Number of protein chains: 2
Amino acid sequence: MGAAMDNVLVRRIGSVIALDGAERDVLARLTAAAEAVPPRTGLSDDGDDGTGPVLVLLEGWAIRCRSLPDGRRQVTDLVLPGDPVGLYGGLAGRPGEGLETLGPARVARLDPWLLPALLHDRPRLALALLHLEAVGTGILAERLFSLGRRTALERLGHLLLELDHRLERVGLAEGGRFSLPATQEVLADLLGLSIVHVNRTLRQLREAGLLETAGSGIVLPDRPALARRAQFDDAYLHPHGLSPAAEERALERLRAR
Amino acid sequence: MGAAMDNVLVRRIGSVIALDGAERDVLARLTAAAEAVPPRTGLSDDGDDGTGPVLVLLEGWAIRCRSLPDGRRQVTDLVLPGDPVGLYGGLAGRPGEGLETLGPARVARLDPWLLPALLHDRPRLALALLHLEAVGTGILAERLFSLGRRTALERLGHLLLELDHRLERVGLAEGGRFSLPATQEVLADLLGLSIVHVNRTLRQLREAGLLETAGSGIVLPDRPALARRAQFDDAYLHPHGLSPAAEERALERLRAR
DNA sequence: CGTCGTGTTGAACCTTATCAAAATATGTGG
DNA sequence: CCACATATTTTGATAAGGTTCAACACGACG
C-alpha cells in the first residue's frame, strides 16, 4: 500500500474519487512496467499497429504540439506527472500532433483498449478516467480563452496558477512553490507569444512582486493577488460532476444491465 | 428507413462508421423526442439533478462560450447540426461554460448515462461517439493553434474551410456553399479578434476573390487557393483511428469479457 | 576555451484593438 | 404597411500590445 500511495496515477485519480485498496492495486499494476524516456524525445509516432499509444506520464513533463511547415509551432497541452495521454489514442490519434518529453521522463504504456475493458471490470475507475479526460478538455478550452481574450500578463499568470493547482493535486507543489522544467520558448509556444515577450512579461510579474524565479524553481508569493491580476478562477479545474450521488447512480445503471 | 436517413445524427455517425439498420433505428429513436429551442437561448444551466444535459443538436447552430466579468467573451466551440454536446456532461459539466443557440434550433435531450449503457448494448455506436468526442478535441486544439499562431486572415479562412468540411459531412454544404447563421461578433469571439477586424478581414478575403457573401450565404469559390492562403490541412477532421480492423479488435475485446 | 542553448534587453515596426460615426438590415408596435 | 427602435455591418483615424531584428550575457558542456 505504501507503494501504491507513491504512485502518481493513484494520487491523480485519488484526487477525483476515493479509491479502495483493490482499485489502487489495479492502477499500481497498470503502471508497474514503466520505461525511462530521454529528454526531448517524441512519443507519438510509435504506435504498434497504427492504433497509437496510450500512456501515463509517471515522472517528468511532456508537451503536445503541432507545427506548421514555416516553423510556427503551437503547444496545445502540457502533460504533467499522473496525466494519462491519448485515452482514446486508438480511436483518434490526432495526426500532426506530436508528444515530446521536456526533460527526462518515466512513462507507462497501456493497452489502447483499456477503457472499454475497465468500464466492464472497474467502472468506477473508467468513470474517473472519463472525468480526467473531460477536465483536460476544460483546460484546453480555458487556454483558448487565454489566447483569444487575455493579455500576455494575464496569460502567463493564469498558466502559473493553473500549474500550481495541477501540481499540488499530485503532491508536486506546495505553498505556491514548484519546479517548472520548461524553457521560455515552450511557454511562448504554449501561450501564443514571442519568446522575447514572455521574457519581458516574466520580468513584469517579478517587479510586481507576484513571482520569484530561481532557475527552474517557481515561487508565487501572493497567489490571491496574482489570481486577481490574471482573472484566474480555479472552477474549471474542479468540475462538480462526479458527486458521490451521481457516481452511485451511474454505477447502478451499469450493474442493472 | 427513409426517416432514419434524414436524421442528422445518423448522417454524422454514419460518416464515421458504416451503420446497419438496427443501429440507425437506435439513433433515430434516441433523437425522436426533439424539442424546439428559440434563438439565443441558453441550454446549459438546466440540468435536472445537477448532472447537466446531454444534447444532440438536430437543427440550427449553437455556441459554447465563457465570459469574464469585464465583458470579454470567448466562444470555445461551434456546435453544428448532428453534433452531440456534453457527452460526459454528467461527469464534468464544465462550469462557467454556457451553451447558447444562435438561431432557432431543434434539440434532443439524452440520458446523461447513455455512454456506459451504449458501450454494453451497442459498442460500435459507443466507440463512434467516443471517436466524435476525440475529433471535437482535435478541432479545439486546431483552434488553439489558430489563436496562438495564425494571422487574422488565416484564422478566418481556416474557420470557413473547417465549417465547409463539417457541414458537407452532414449534407449542409455542397461545392463550397453553405449558410453561416452567425454574426460577425460571434466570429470575433470565436477567433479572438475584434468585430471591426473581422469585418475588415472578410472584406480582404472578398477582394482576394476567395470569398463571396450574400446575407448568411457563404461561397468559397476557390477552396484550394484559400486552403493554401490559410495553411489549412483537413487531416485533423478525419483522424485515421477508427479503421475497420481496429474497430473489430476493440469489439472482440469487449465481447471476450 | 569556444560553442551552443537559453535568458535578457533595446529600438523600430506592424498587426490588431479601440474609439467614433455613418449606413444598412432587422424587428416591433401601432 | 409604415415609423420607429435596435442590431448589425461598414469605414476612418488613432493608439496600444506585441513582434521582429539585433546584440550581448551567462552557464553547460565537449
Side-chain angles (χ1 to χ4, degrees), chain A residues 38-40 61 63 68 70-75 100-104 146-158 179-207 211-218 229-231, chain B residues 38-40 61 63 68 70-75 100-104 146-157 159 179-207 211-218 229-231:
Chain A
R40 292 170 178 267
W61 289 33
I63 55 175
L68 245 34
D70 61 14
R72 282 180 283 180
R73 184 176 78 148
Q74 177 69 41
V75 173
E100 196 180 308
T101 53
L102 285 181
S146 279
L147 297 212
R149 291 300 184 216
R150 281 194 254 257
T151 67
L153 196 132
E154 288 169 338
R155 288 184 213 185
L156 207 36
H158 200 276
S179 164
L180 187 148
T183 64
Q184 294 183 0
E185 183 178 11
V186 170
L187 296 182
D189 286 339
L190 182 66
L191 298 176
L193 299 168
S194 67
I195 303 181
V196 173
H197 202 60
V198 166
N199 187 292
R200 285 190 228 282
T201 310
L202 283 171
R203 184 167 53 70
Q204 243 184 300
L205 282 173
R206 277 194 301 262
E207 285 170 355
L211 168 68
E212 292 159 26
T213 61
S216 72
I218 295 286
R229 193 76 181 69
Q231 306 268 6
Chain B
R40 292 168 180 267
W61 289 32
I63 55 175
L68 244 35
D70 60 15
R72 282 180 285 180
R73 182 176 80 148
Q74 177 68 42
V75 173
E100 197 179 308
T101 53
L102 285 181
S146 280
L147 297 213
R149 291 299 183 217
R150 281 194 254 256
T151 67
L153 196 131
E154 288 169 338
R155 286 185 215 185
L156 207 36
L159 175 69
S179 165
L180 187 147
T183 65
Q184 295 183 1
E185 183 179 12
V186 170
L187 296 182
D189 286 339
L190 182 66
L191 298 176
L193 299 169
S194 69
I195 303 181
V196 173
H197 202 60
V198 166
N199 186 289
R200 285 188 224 283
T201 310
L202 284 171
R203 185 168 52 70
Q204 243 184 296
L205 282 173
R206 277 193 301 260
E207 286 171 356
L211 168 68
E212 292 159 27
T213 60
S216 72
I218 295 285
R229 192 78 182 69
Q231 306 269 4

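A note on names: the letters A, B, ... follow the listed sequences, proteins ahead of strands, and every chain is numbered from 1. This is a predicted model, so every value here is computed, not measured. Just so you know, these numbers use all the heavy atoms, side chains as well, and skip hydrogens, waters and symmetry mates.
- At least one side-chain heavy atom of B:Leu187 sits under 4.5 Å from a side-chain heavy atom of B:Leu180.
- Across all strands, A:Gly215 comes closer than 4.0 Å to no nucleic acid atom at all (heavy-atom distances).
- For A:Val196, the side-chain atoms get nearest to C:dT9 when compared with the rest of C:dT9, C:dT6, D:dG18.
- Rounded to a whole Å, the CG atom of A:Leu153 is 15 Å from the C1' atom of D:dA16.
- In this structure, the side chains of A:Arg73 and A:Val186 come closer than 4.5 Å at one or more pairs of heavy atoms.
- For A:Arg229, the CZ atom counts as loosely surrounded, since its 6.0 Å shell holds 12 or fewer non-hydrogen atoms of other residues, nucleotides or ligands.
- The nearest whole Å value for the distance from the CG atom in A:Asn199 to the C1' atom in D:dA25 is 12 Å.
- Going from atom CD of B:Gln204 over to atom P of D:dT9 covers 18 Å, rounded to whole Å.
- Side chain of B:Arg203, nearest nucleotide from C:dG7, D:dT11, D:dT20: D:dT11.
- A:Ser194 comes within 4.0 angstrom of a base, heavy atoms only.
- Atom CG of A:Leu202 is separated from atom C1' of C:dT9 by 14 Å (rounded to the nearest Å).
- Interatomic distance, B:Leu102 CG to B:Ile63 CD1, rounded to the nearest 0.5 Å: 5.0 Å.
- If you take CG of B:Leu191 and P of C:dT16, they are 12 Å apart, rounded to a whole angstrom.
- Following rounding to the nearest Å, A:Gln184 (CD) and C:dG7 (C1') show an atom-to-atom distance of 6 Å.
- Here the side chains of B:Arg149 and A:Leu68 are not in contact, with every heavy-atom distance at 4.5 Å or above.
- Residue contacts shown for B:Leu193 are limited to sugar-phosphate atoms, with no base heavy atom under 4.0 Å away.
- Not a single donor-acceptor pair, N or O on each side, falls under 3.5 Å between the base of D:dG17 and the side chain of A:Arg200.
- Between B:Arg149 atom CZ and C:dT16 atom C1' the separation is 16 Å, expressed in whole Å.
- Within the 4.0 angstrom heavy-atom criterion, only backbone atoms of the sugar-phosphate kind lie near B:Arg40; the bases stay farther away.
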